[in-house]
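Structure record follows, encoded as C-alpha cells.
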Amino acid sequence: MSKAAPQTSVTVSAHFMREMLAFVQTRHGMDAACAVLAEAGIPLPLLARPEARITRPQFVALYKSVAAILDDEMLGLWSRPIRSGTLKYLMLSLLDAPTIQTALYRFVRFWNLLLDDYRLQMSRRNEWVRIALVKRRPDAPARLLGHELMMKLVHGVSSWLLGRDIHILRIELAFPRPAHADDYVFLYPAEVCFDSNESSIYLAEQDCASSFNRERHQLWSFLKRAPEDWTFSSFHRGSMSARARAFLEPRLDQAVTIRHVAEALHLSVRTLNRKFAEEETHFQQIKDALRRDIAIHRLTHSDVPVTNLALDLGFSNPAAFCRAFKEWTGSTPTAYRKGSRSA
C-alpha cells in the first residue's frame, strides 16, 4: 500500500467549505462561488451534501481563492474586511520580538486595530498565557469559522515563530459542540471545550517565554504557503482516537482489531473503549474515518484503480468498499473521482 502521511491524508468537514463560500455567494452570487470551487478542484455537488469532505489541499486552495475574490484574508467573517497584505505586515511586526510572549502582545495590539465587533484580550498566570476573543458589543455575531480560524492563527503563528508546535493547554469555544467537532483533532493539538463565555486559547507559559530566530526570507515562504502552515497542526497527541488512528494507518490492509490497538497502547480493551467514549467516538468510527480520508485523498490526487484502493484499505472486495464509500460521502468512488477531476 502506498501510504500517505497522516497530515496529507486528512480531510475535513464540508462545514469549512460552506462557511468560506457564504460571503462569496452573498456578495458575488452563485456563479462566483462555483468559480472558486472549480479553482480549488472541489466538485460543485459537494455543496449539497452535508456529509461531504474536502482534502487539505482543497481547503488551502479554496481559502486562497475566497480571500482573493473578497480581498479579505479573513473571508468576510468579521465586520470589517481584513485586506490582502495584512498577514504580511502583522508577521513583519513580530520578527524582532525578543520572546513569543512579546510577539503575542504585538499580535493582540495589531488585531485590535482592525476588529470592530471583537477584541483580543491577553492575560497571564504562572503556567499559562491566555488569548481570548471578547465581544465589543453584546450583539456581535459568533461566526464559528471566524472563531475557529482566530484560535488557529494564534497557535499557527506562534508555532511558526518558535519552529515547532507551541504547547496548547486548552481551547475554549463560545458555541455548542458542532457536528464537525471530530475534525478538531487535526486543528488543535489540545483538549477542546464548548459552550464557553469566550473563545480562548491557553498556551504554555514556558513556551511563551522562549526566544526565537526567524528571518525575512523564511517569512516569504510562510506567506506563500498560507494558510497551510498556520491552519493544520500535528495530531493532538493526547487524544486516544489520534493515537489509534496513527497505529491503524500503516496497517489498514491487515485484519487489525481493537484488541491489537489496545495491546499497542498498553491498555485493556475495556479501558480503551472507555477512553473512546469519553472522546465521543468508538473504534469502528475511527477506522472508518481513516479509511474515508485516505480514500478521498487518493481518489482526488492519484489514478489508483478503485479495486486496488479497496484492497489497500482492508476491504474484502471492491463492492464492499463502494458501499461503504457511498455511505460515507453519498457518492460512489468512481463518481467522486470523476466529479473532482471535472472540477
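Numbers for residues simply follow the sequence, beginning at 1.
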### Query
Under 30°, 30 to 60°, or over 60°: which ring-plane class applies to F325 and W328, parallel, tilted or perpendicular?
perpendicular
### Message
In terms of relative ring orientation, are Y184 and F194 parallel, tilted or perpendicular, with 30° and 60° separating the classes?
### Response
parallel
Side-chain donor or acceptor of [X] paired with backbone N/O of [Y] under 3.5 Å:
X    : Y    : answer
T231 : P227 : yes
Y188 : E148 : yes
Q254 : R251 : no
S84  : D71  : no
N112 : L120 : yes
E39  : A61  : no
T102 : A97  : no
R298 : V304 : no
K287 : L248 : no

Show the nearest heavy-atom pair for residues [X] and [Y], with the distance to one decimal.
X    : Y    : result
A310 : N317 : CB-O, 4.2 Å
T332 : K326 : CG2-CD, 4.4 Å
V157 : W230 : N-CB, 4.3 Å
L46  : A52  : O-CB, 3.7 Å
V129 : Q101 : CG2-OE1, 3.9 Å
S199 : A174 : OG-N, 3.0 Å

## Note on the structure
Hits for salt bridge (charged side-chain N to carboxylate O under 4.0 Å, His left out) against R214, two or more places apart or cross-chain, chain-then-number order -> none
Taking [X] first and then [Y], would you say they form a salt bridge - that is, a charged N and a carboxylate O separated by under 4.0 Å?
X    : Y    : answer
R259 : E263 : no
D182 : R177 : yes
R136 : D117 : no

Under 4.5 Å between side-chain heavy atoms, hopping through other hydrophobics if needed: is there a path connecting [X] to [Y]?
X    : Y    : answer
L145 : V60  : yes
L290 : L311 : no
L95  : V108 : yes
Y89  : Y105 : yes
M240 : L187 : yes

### Task
Please say whether the positively charged group of R143, taken as NZ for Lys or CZ for Arg, lies over the ring of F23, i.e. under 6.0 angstrom from the six-membered ring centre and within 45 degrees of the axis.
no
### Summary
Sequence neighbours excluded, the answer for side-chain hydrogen bond (donor to acceptor under 3.5 Å, both in side chains) partners of E198 is R130
### Task
Using the test side-chain hydrogen bond (donor to acceptor under 3.5 Å, both in side chains), find all partners of R137 that sit at least two apart in sequence or belong to another chain.
D139
[atom2] on [Y] to [atom1] on [X], rounded to 0.5 Å:
X    : Y    : atom1 : atom2 : value
R164 : F212 : CZ    : CZ    : 13.0 Å
I166 : S210 : CD1   : OG    : 7.5 Å
L114 : M74  : CG    : CE    : 10.0 Å
I100 : Q206 : CD1   : CD    : 13.0 Å
I82  : L90  : CD1   : CG    : 10.5 Å
R291 : L309 : CZ    : CG    : 11.0 Å

Might you confirm whether atom [atom1] of [X] has over 12 heavy atoms from other residues, nucleotides or ligands at distances under 6.0 Å?
X    : atom1 : value
E127 : CD    : no
Q218 : CD    : yes
R109 : CZ    : no
K88  : NZ    : no
D96  : CG    : yes

Could you check if a side-chain atom of [X] sits within less than 4.5 angstrom of a side-chain atom of [Y], using non-hydrogen atoms only?
X    : Y    : answer
L252 : L313 : yes
H15  : L144 : yes
R216 : L92  : yes
S93  : F107 : no

### Task
May I ask you to check whether S13 and H180 show a side-chain donor-acceptor distance below 3.5 Å?
no
### Message
Testing D207, V154, L203 one by one against I168 for a side chain to side chain contact (heavy atoms under 4.5 Å, CB included), which residue passes?
### Response
L203
### Message
Can you confirm whether or not the ring centre of H260 sits under 6.0 Å from the ring centre of F247?
### Response
no
### Task
Take M91 and W160 through the side-chain contact (heavy atoms from CB on, under 4.5 Å) test and state the conclusion after the steps.
CA-CA 10 Å; M91 297 302 296; W160 181 80; 3.6 Å; yes
### Query
Does the side-chain contact (heavy atoms from CB on, under 4.5 Å) test come out yes or no for F276 and Q285, once each step is laid out?
CA-CA 10 Å; F276 285 157; Q285 184 176 338; over 6 Å; no
